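All values below were derived from every heavy atom in this structure, side-chain atoms included, with hydrogens, water molecules and symmetry-related copies excluded. All of these numbers come straight from a predicted model, not from anything done at the bench.
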Amino acid sequence: MGPFEILCGIAVIILGLYYYFTSTFDFWKSRGVRGPRPMPLFGNFKDVMANNVSASDYLTEMYNTYKDEPMFGIFARKTPLLIMKDLDLIKDVLIKDFTLFANRGFPTFEKAEPLSQHLFSLEPKRWRPLRTKLSPVFTSGKLKEMFSLILECADHLVQYMEKIESDTESVECRELAAKYTTDVIGSCAFGIEMNALSDKDSEFRKMGRKVFTPTWRTMMRIRIRQMFPWLYEMSGYILPQTEVTKFFTSVIAETMDHREKNNVIRNDFIDMLRELKKNPDKVGDIEMTDSLIASQAFVFFLAGFETSSTTISNALYELALNQKIQDKLREEIDEVYTKFDGNLVYDTIKKMDYLDKVFKETLRKYPPGTILMREATSSYTFDGTKVSIPKEQKVWIPVYAIHRDPDIYPKPDVFDPERFNEEAVQTRHPMAYLPFGDGPRNCIGARFAVYQSKVGLIKILRNYKVETCEKTPIPYVNDPKAFILSPLGGLHLKIIKINRS
């Protein structure tokens, strides 16, 4: 074969690859949906894939670029994604036409990632009956029963802070809060003393860090999973299970086995899973495998500690920057303590109106889940538009961008709890605030997350003042590698003991 034939062969390969990576690029144009011009191989995610910018920051930039559009279209490599902006259409997706968007569009990998078969990712067939059966664990009545356990962990948090206050000039608040929420989840949901506060070598805290700390290996796994899902699933037959998978699978199995042998009944999350394992007919024709059961416990542990600890630390960050708000909140906390004879009980949390506003404004400015993802289960035409999408089209709702829309929240970078007074809330569209999602597939543990976070904040602020220090990140820069919204370089604050003599 001569040089000319070789060059022709190379040219054909290059043209073939170019066509493959650009073959979908007229998808949005043909549907009358505006959007930025994509690049071959990367689509519109070059900077996101290179970890130069977080997905939430990129979508916010695009959200503002297409300010007057009800939606816009982008590409993840060659996959078209529809980004929703119009709040009425978002309500259709999440609530009115939920059955047509019941899927989140996350693949599960039973071999490569046995613990990926959890409520967050499951397809509607398995998600629906499991959600129905697990929901009773999160009722207000159950939460009331767990309250003393949450309180006990919060008291351990204060004791831990007493030890570290004199030893350090600043505290990394995300780690501090994560130790507390890890212990809460362990105590309330699993009946296990996870000892994240008392033991610096706590296995549970170590595993929690492993999941949420991005490394080159985890990033490589994610890229292969996204680009070659079939190859990724095949690897599960060859490669050994990860340390995290082995740890959680064995812990859940051992805990359930221990309770079975010793007739231990706690009516908690683990007991609900035990009940489903014994009576699989309660969830229809779903096969209740060990990995499916372990997956539900795994996601509750991860979502329960990480999102709440992030919210607690972000609230402390804003209170350190806004001392008047911190003083006003502490005043309310002290008043309620005085009114209830120095006790903190379940019903007193509801009496703290200003705490509720601070908490909601924290989630407005820093929603841990910055994007809600849905996938169409059939072809669909958006109401009042000519835009039609095919079955399996991925639809994203940019929560972070909506929460920082100046037309919805004037001066969105300002931390203002009064945005959540009753009058202000009534004037806003219900879809303008989505920290826990909305509709049937909203966060199952929202009520639990709110209470464990509020109790942690109450105990910290009752006993400590928080201030900024040299290592405090000002301004707050989103970590482009983080899986949920997190500040680059951690969140360091100074804590000062309050003297109540």
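A salt bridge links D413 with R404: the closest approach of a Lys/Arg side-chain nitrogen to an acidic carboxylate oxygen falls below 4.0 angstrom. Salt bridge R330/D327: present, at least one basic N to carboxylate O contact under 4.0 Å. No salt bridge links K85 with D405; every basic N to acidic carboxylate O contact stays at or beyond 4.0 Å. At a threshold of 4.0 Å, the pair D356-K360 counts as salt-bridged, since one of the basic side-chain nitrogens sits closer than that to a carboxylate oxygen. Ion pairing between E175 and R209 holds under the 4.0 Å rule for side-chain N and carboxylate O.
Considering all non-hydrogen atoms of both residues, L273 and Q296 come closest at CD2-CB, 3.9 Å. For the residue pair L316 and C173, the shortest heavy atom distance occurs at CD1-SG, 4.3 Å. The two residues I349 and I458 make their nearest non-hydrogen contact at CD1-CD1, 3.5 Å. Of all the heavy atoms in P435 and L363, the pair that sits closest is CB-CB, 3.8 Å. Taking every heavy atom of both residues into account, S116 and S295 meet most closely at N-OG, 4.0 Å. Residues P368 and I484 approach most closely at O-CB, 3.4 Å, considering heavy atoms.
Under the 30°/60° scheme for interplanar angles, the aromatic rings of Y476 and Y366 are found to be tilted. Ring planes of F101 and Y380: perpendicular class, angle over 60° (limits at 30 and 60°). Taking the six-membered ring for Trp and thresholds of 30 and 60 degrees, F269 and F190 have ring planes more than 60 degrees apart, a perpendicular arrangement.
Rounded to the nearest 0.5 angstrom, S140 OG and E145 CD are separated by 10.5 Å. Separating the CD atom in E306 from the CZ atom in R174 is a distance of 5.5 Å, to the nearest 0.5 Å. One finds the CE atom of M84 at 8.0 Å from the CG atom of D92 (value rounded to the nearest 0.5 Å). Rounding to the nearest 0.5 angstrom, the gap separating the CE atom in M146 from the SG atom in C153 is 12.0 Å. Atom CG in L485 sits 4.5 Å away from atom CG in N478 (nearest 0.5 Å). Put simply, OG1 on T182 and CE on M207 are 12.5 Å apart, with the number rounded to the nearest 0.5 Å.
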Discussion item. Could you go through K454 and M352, starting from their C-alpha distance and side-chain angles, then the distance that decides it, and tell me whether this counts as side-chain contact (heavy atoms from CB on, under 4.5 Å)?
Written reply: CA-CA 10 Å; K454 285 184 177 181; M352 299 188 188; over 6 Å; no

Practice prompt. Check the pair I95, M431 against side-chain contact (heavy atoms from CB on, under 4.5 Å), reporting the backbone distance first and the verdict last.
Written response: CA-CA 10 Å; I95 301 172; M431 297 297 107; 3.7 Å; yes

Worksheet item: What do the steps show when you test F204 against D183 for side-chain contact (heavy atoms from CB on, under 4.5 Å), and what is the final call?
Response: CA-CA 9 Å; F204 285 93; D183 281 355; over 6 Å; no

Fill in: Trace of the side-chain contact (heavy atoms from CB on, under 4.5 Å) decision for N52 with K46
CA-CA 9 Å; N52 294 329; K46 182 171 77 72; 5.7 Å; no

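Judged by distance alone, the side chains of S291 and Q117 do bring a donor and an acceptor atom under 3.5 Å apart. Between the side chains of D47 and Y58, no donor N or O sits under 3.5 Å from an acceptor N or O.
Among R104, K391, K394, the one residue that satisfies the salt bridge (Lys or Arg N to Asp or Glu O under 4.0 Å) test with E375 is K394.
The closest side-chain heavy-atom distance from V53 to P480 is not below 4.5 Å. Put simply, the side chain of S313 does not reach to within 4.5 Å of the side chain of L493, judged on heavy atoms. Using a 4.5 Å heavy-atom cutoff, the side chains of I325 and D416 are not in contact. Inter-residue side-chain proximity for F300 and V137 is flagged as unmet; no heavy-atom pair is nearer than 4.5 Å. For the pair P80 and Q393, the minimum side-chain heavy-atom distance is below 4.5 Å. Side-chain atoms of L292 and I286, non-hydrogen and from C-beta on, do get closer than 4.5 Å to each other. Contact of the R31 side chain with the T385 side chain is not registered, since no non-hydrogen atoms from C-beta on lie closer than 4.5 Å. Residues P473 and L488 are not in side-chain contact: their nearest non-hydrogen atoms beyond the backbone lie 4.5 Å or more apart.
A distance-only check finds no donor-acceptor pair linking the side chain of D26 to the backbone of K29 [under 3.5 Å]. Using a distance-only test at 3.5 Å, with no hydrogens or angles considered, no donor-acceptor pair links the side chain of H429 to the main chain of D86. E172 places no side-chain N or O within donor-acceptor distance of the main-chain N or O of G490, the cut-off being under 3.5 Å. No donor-acceptor distance shorter than 3.5 angstrom exists from the side chain of T348 to the backbone of L344, with no hydrogens or angles considered. In this structure a side-chain-to-backbone donor-acceptor pair under 3.5 Å is missing from T181 to S453. Proximity of a side-chain donor or acceptor of T22 to a complementary backbone N or O of F25 within less than 3.5 Å is not detected. Side-chain atoms of R374 do not come within 3.5 Å of backbone N or O of L100 as any donor-acceptor pair. Without hydrogens or angle criteria, S486 side chain to D479 main chain gives no donor-acceptor distance under 3.5 Å. Remark: the backbone N or O of V466 is paired with a side-chain donor or acceptor of Q323 at under 3.5 angstrom. In this structure, the side chain of E361 does not engage the main chain of P417 through any donor-acceptor pair within 3.5 Å.
For residues 431-447, no pair satisfies salt bridge (Lys or Arg N to Asp or Glu O under 4.0 Å), with sequence neighbours left out.
Annotation: ring pair (Phe, Tyr, Trp, His ring centres under 6.0 Å) contacts of F301 (sequence neighbours excluded): F248, F305. Residues satisfying the ring pair (Phe, Tyr, Trp, His ring centres under 6.0 Å) criterion with F436, sequence neighbours excluded, are absent altogether. Annotation: ring pair (Phe, Tyr, Trp, His ring centres under 6.0 Å) contacts of Y66 (sequence neighbours excluded): F72. With sequence neighbours excluded, no residue forms a ring pair (Phe, Tyr, Trp, His ring centres under 6.0 Å) with F340. Shown here are the side chain to side chain donor-acceptor pair (under 3.5 Å) partners of N442, two or more places apart in sequence or in another chain: R131.
Here Y346 and Y451 bring their ring centres to under 6.0 angstrom of each other. The aromatic ring centres of Y433 and Y409 sit 6.0 Å or more apart.
Counted within 6.0 Å of NZ on K142, heavy atoms from surrounding residues, nucleotides or ligands total more than 12; the atom is thus considered enclosed.
Taking the centre and axis of the six-membered ring of Y337, the NZ or CZ atom of R462 falls inside the cone set by 45° and 6.0 Å. Annotation: cation-pi pair R364/F420 absent, no NZ/CZ under 6.0 Å from the ring centroid and within 45° of its normal.
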